[in-house]
Amino acid sequence: MPFEIVTIPCLQDNYAFLLHSTESGETAVIDVPEAGPILAALSERGWQLSEIWITHHHWDHVDGVADLKDATGAKVIGAASDAHRLPPLNHAVKDGETYRFAGAGVQVLDVSGHTVGHIAYYVADAGAVFTADSLMALGCGRLFEGTPDQMWNSLSKLAALPPGTIVCSGHEYTANNAKFALTIESDNPALISRVGAIETARAAGQPTVPSTLANELATNPFLRAHLPNVKAALNMKDAADAEVFGEIRRRKDAF
Ligand code: ZN
Ligand code: FE
């Protein structure tokens with residue numbers, strides 16, 4: 001099914017995404033840090049917004065929802081479990097459910113950890129997952145509300161998607177994530193070459209988001225906590241995967 005994805009820089013270092021069906025003409029936006037850049041991206045292309053999909057309650061992902069809804073009349077979708085602290089929803093969705101958009105299935109995945117109630121949207125027909133502050137390019141969101149167990153479980157669900165999946169995450173934090181990743185796996189050749197590509201992209205003012213799941217699996221330390229070489233590097237050979245993940249997350253918080 002033909003879909004087009006547009007990455008829209010917002011605020012300081014946030015990203016929103018348009019998902020546009022070239023067949024039906026319908027367009028969804030994933031997260032609304034601010035309405036202006038999204039309205040500009042829509043009018044540049046002559047697209048009409050049909051839906052707003054919210055990933056989690058943080059202000060830098062929802063602040064523009066009311067303005068964007070007023071301007072477009074788009075319907076707002078978000079997690080039922082978080083409805084009490086999200087902008088008003090037209091459609092509240094639950095973990096594991098699949099709803100239809102432009103003839104495609106959109107699978108809702110609970111990816112709690114950064115917040116409890118954070119969801120990701122997986123659109124198999126677009127080959128894309130919208131992860132915001134759960135799985136990020138070479139990183140993952142800080143654990144503001146959830147536990148390491150919860151986040152490890154959330155990341156494991158995302159890691160099980162097809163490796164070719166495009167990972168559309170919420171921030172341009174990749175250069176800093178790269179420096180940290182090298183402290184965990186300084187001798188990972190895939191990581192070393194990705195760090196070079198990130199430096200080149202940032203020097204040219206290019207975004208490093210989206211990435212692919214295959215690239216994240218090969219280089220993102222937060223997806224690699226189960227690997228014997230990573231456990232050994234942290235002197236945690238016999239520790240459980242989620243514990244190793246928790247240690248990597250603690251180190252990143254202090255980095
Ligand atoms: Zn957040
Ligand atoms: Fe955020």
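Indexing begins at 1, ligand by ligand and atom by atom, following the structure's order. Quick note: residue numbers are just sequence positions, from 1.
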Q: Could you tally the protein N/O/S atoms lying less than 2.8 Å away from the Zn ion (ligand 1)?
A: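 Every protein N, O or S atom under 2.8 Å from the Zn ion (ligand 1) counted, the figure is 4.
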Can you name the N, O or S atom of [X] that is closest to the Fe ion (ligand 2)?
X: D133; value: OD2
X: D60; value: OD2
X: H61; value: NE2

**Q.** Passing candidate, side-chain hydrogen bond (donor to acceptor under 3.5 Å, both in side chains) with R194, options T219, T174, N188
**A.**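 One option only clears the test, and that one is T219.
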Q: Check whether any N, O or S atom of H171, backbone or side chain, sits closer than 2.8 Å to the Fe ion (ligand 2).
A: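 Coordinating: yes.
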Q | Contact summary for A181 and L138, nearest pair of heavy atoms | A |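 Scanning both residues completely, I find the closest heavy atoms to be CB-CD2, 4.2 Å.
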Are side-chain heavy atoms of [X] and [Y] found at a separation under 4.5 Å?
X: H171; Y: M136; answer: yes
X: V167; Y: L161; answer: no
X: T131; Y: V111; answer: no
X: I30; Y: Y15; answer: no

(Q) Using 0.5 Å steps for rounding, measure from the CD atom of E4 to the CH2 atom of W47. (A)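 Going from CD on E4 over to CH2 on W47, the span is 4.0 Å.
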Q | Residues R224, D241: salt bridge by 4.0 Å N-O rule | A |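 The answer is no: the pair does not qualify as a salt bridge.
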